[in-house]
2 protein chains.
Amino acid sequence: MSPRKPSSEVLTKEEIVNAARHQFIAKGFEKVTMRGVASQLGCSHGALYYHFKNKIELFYAVVEKDFEHLNQLLKEIINSTKENHQKLLDILICFMKFGLNHQKQYEFMFMMKNAEVDSLAHEAATKSYYQFEYAILQLKNQNTEPSLIYSAFVALHGFVSHHCGYVKEYNEVKEYAEAHALFIIKGLA
Amino acid sequence: MSPRKPSSEVLTKEEIVNAARHQFIAKGFEKVTMRGVASQLGCSHGALYYHFKNKIELFYAVVEKDFEHLNQLLKEIINSTKENHQKLLDILICFMKFGLNHQKQYEFMFMMKNAEVDSLAHEAATKSYYQFEYAILQLKNQNTEPSLIYSAFVALHGFVSHHCGYVKEYNEVKEYAEAHALFIIKGLA
DNA sequence: TCCTCTATTGACCATTGGTTAATAAAAAGT
DNA sequence: ACTTTTTATTAACCAATGGTCAATAGAGGA
């Protein structure tokens with residue numbers, strides 16, 4: 001009723017993003033409503049617009065963290081002490097594992113074609129790709145054809161995106177994924 | 001004003017689908033409104049619900065034809081008189097060409113993750129995949145590993161879906177596509 | 001105590017997908 | 001030719017949505 005809450009319950013951006021993340025993952029972009037998020041937080045939907053310009057900006061705040069997560073995973077592999085060929089395999093597997101164990105997030109990051117959202121996510125996706133390219137170049141011959149690396153990346157992406165939504169988790173297609181990794185390495189040679 | 005039009009202008013399903021197709025391709029699923037389609041047809045939006053249960057059913061009527069189109073293209077290659085290895089290459093190229101010259105349609109067919117729409121499109125997509133698998137089996141060794149064919153298909157899909165929306169037409173990435181086709185054939189060996 | 005800034009409310013708007021009673025035109029029956 | 005039935009359409013209606021904004025209660029400083 002009162003137009004402002006006591007200081008102990010003021011909204012923080014982080015609380016909003018967390019609530020929104022849960023709902024986006026559970027229901028997908030379209031079916032999440034600002035009112036629904038607000039109600040989970042116990043505030044009016046208008047309040048959200050004080051912290052985020054619109055639904056898309058709130059959504060992107062969620063997605064941004066997922067890119068950080070993936071980039072972190074890849075970085076760890078690159079900095080590990082394993083042998084190069086194994087690292088390469090690990091990277092391919094890691095990407096697929098991430099995609100299929102965080103499917104909704106992967107969709108948001110690499111598969112959403114919504115024009116408004118996309119302009120934001122595309123930049124981050126491109127960054128992820130460069131990291132991938134850089135890793136491959138380091139792990140394989142330095143003068144690997146760029147087009148081969150590109151083919152490897154899109155083949156990887158194809159695997160994840162094709163299974164997204166039709167399996168529950170990575171383990172269900174573990175064998176296929178490993179075969180696909182070998183398929184890609186064969187193509188890279 | 002009158003509750004029924006003279007017989008010369010009664011709506012047909014086909015007219016509706018054509019108008020809808022244009023709008024879906026131009027604006028994407030979410031941004032097309034039943035009112036918008038109705039207004040292009042010069043009728044009230046309620047009239048559309050007489051012919052189609054809801055927006056999704058109207059949408060699927062559009063997509064169905066696109067699957068027929070792609071299947072037809074693939075069939076023509078298979079029935080051609082070329083040599084097997086060339087046919088295989090043709091199929092791979094044809095798929096990418098279709099995807100990138102009819103990007104919105106490809107999105108609708110293979111990339112849309114909308115839960116409601118998807119249940120319908122998924123069946124048709126699976127059918128397309130079986131046709132692909134059958135063709136590869138015929139063109140390559142009959143006992144090609146199924147997992148290899150699967151990898152080939154998802155690699156192909158990955159190429160299209162990765163470029164979808166970021167290039168205007170197939171010709172812009174023709175060289176990459178041809179390299180990718182060779183990459184896939186290498187993996188299939 | 002007064003003032004300013006901050007965060008929140010709730011009423012409001014236009015637009016959307018979808019439903020439905022009313023009904024005019026067409027078709028079928030006689 | 002008249003009546004009845006069926007068909008296709010309208011327009012008014014509903015609940016929900018994303019988004020805007022004036023009003024205002026609380027917090028913190030002077």
Side-chain angles (χ1 to χ4, degrees), chain A residues 1-21 23-24 26-63 108 112 114-120, chain B residues 1-21 23-24 26-63 108 112 114-120:
Chain A
M1 196 65 95
S2 68
R4 178 158 181 174
K5 301 190 158 174
S7 64
S8 60
E9 349 174 348
V10 284
L11 285 172
T12 65
K13 277 203 177 199
E14 214 189 335
E15 284 168 349
I16 299 176
V17 171
N18 284 342
R21 143 166 285 115
Q23 297 208 7
F24 279 126
K27 313 187 208 170
F29 179 77
E30 304 292 345
K31 287 199 169 173
V32 167
T33 69
M34 295 300 260
R35 282 169 174 81
V37 175
S39 127
Q40 181 180 327
L41 290 163
C43 68
S44 71
H45 78 285
L48 302 182
Y49 287 91
Y50 180 78
H51 297 275
F52 295 92
K53 209 178 88 200
N54 53 35
K55 188 181 172 184
I56 287 163
E57 218 182 57
L58 172 55
F59 177 75
Y60 187 64
V62 170
V63 171
F108 296 155
M112 258 188 74
N114 183 307
E116 296 138 317
V117 174
D118 201 46
S119 54
L120 296 166
Chain B
M1 197 66 93
S2 69
R4 177 157 181 175
K5 301 188 159 175
S7 64
S8 60
E9 351 173 349
V10 285
L11 283 172
T12 66
K13 277 202 178 201
E14 213 189 336
E15 283 168 348
I16 299 176
V17 171
N18 285 341
R21 144 166 282 116
Q23 297 207 8
F24 279 126
K27 311 186 208 172
F29 179 76
E30 304 292 346
K31 290 200 167 173
V32 167
T33 69
M34 295 302 259
R35 283 170 173 81
V37 174
S39 126
Q40 181 181 328
L41 290 163
C43 67
S44 71
H45 78 284
L48 303 182
Y49 287 91
Y50 181 79
H51 297 274
F52 295 91
K53 206 179 91 202
N54 52 35
K55 187 181 170 183
I56 287 164
E57 217 182 57
L58 171 55
F59 178 74
Y60 187 64
V62 170
V63 171
F108 296 153
M112 257 188 75
N114 184 308
E116 295 137 316
V117 173
D118 201 46
S119 54
L120 295 166

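Proteins come first, then strands; the chains are lettered A, B, ... in the order of their sequence lines, and each starts at number 1.
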Whole angstrom is fine here: how far is it from [atom1] in [X] over to [atom2] in [N]?
| X | N | atom1 | atom2 | answer |
| --- | --- | --- | --- | --- |
| A:Lys13 | C:dA7 | NZ | C1' | 14 Å |
| B:Ile16 | D:dT9 | CD1 | C1' | 11 Å |
| A:Leu58 | D:dG19 | CG | P | 10 Å |
| A:Phe52 | C:dT8 | CZ | P | 12 Å |

> Are OP1 or OP2 of C:dA7 and a side-chain N or O of A:Tyr50 less than 4.0 angstrom apart?
Replying inline: yes
Distance in Å, [X] [atom1] paired with [Y] [atom2], rounded so as to fall on 0.5 Å steps:
| X | Y | atom1 | atom2 | result |
| --- | --- | --- | --- | --- |
| B:Met34 | B:Ile16 | CE | CD1 | 8.5 Å |
| B:Tyr50 | B:Ser44 | OH | OG | 13.5 Å |
| B:His51 | B:Leu58 | NE2 | CG | 11.0 Å |

> Using a cut-off of 4.0 Å between protein heavy atoms and nucleotide atoms, how would you tag nucleotides 12-17 of chain C 5' to 3' with B, S and -?
Replying inline: ----BB
>> So if I take every side-chain heavy atom of B:His51 and compare against D:dT9, C:dT8, C:dT9, which nucleotide ends up nearest?
In response: D:dT9
> When the nearest nucleotide of DNA chain D is assigned to B:Ser44 and to A:Ile56 on a heavy-atom basis, which residue is associated with the more 5' position?
Replying inline: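 Going by which nucleotide is closer to the 5' end, it is B:Ser44.
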>> Once ring pair (Phe, Tyr, Trp, His ring centres under 6.0 Å) is applied, do any residues pair with A:Phe59, and if so which ones, sequence neighbours excluded?
In response: A:Phe24, A:Phe29, A:Phe108
> Between B:Ala38 and B:Leu48, which heavy-atom pair has the shortest distance, and what is it?
Replying inline: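 Smallest interatomic distance, heavy atoms only, reads N-CD1, 3.9 Å.
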> Is a side-chain donor or acceptor of B:Arg21 paired with a backbone partner of B:Val62 at a separation under 3.5 angstrom?
Replying inline: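 A pair under 3.5 Å: yes.
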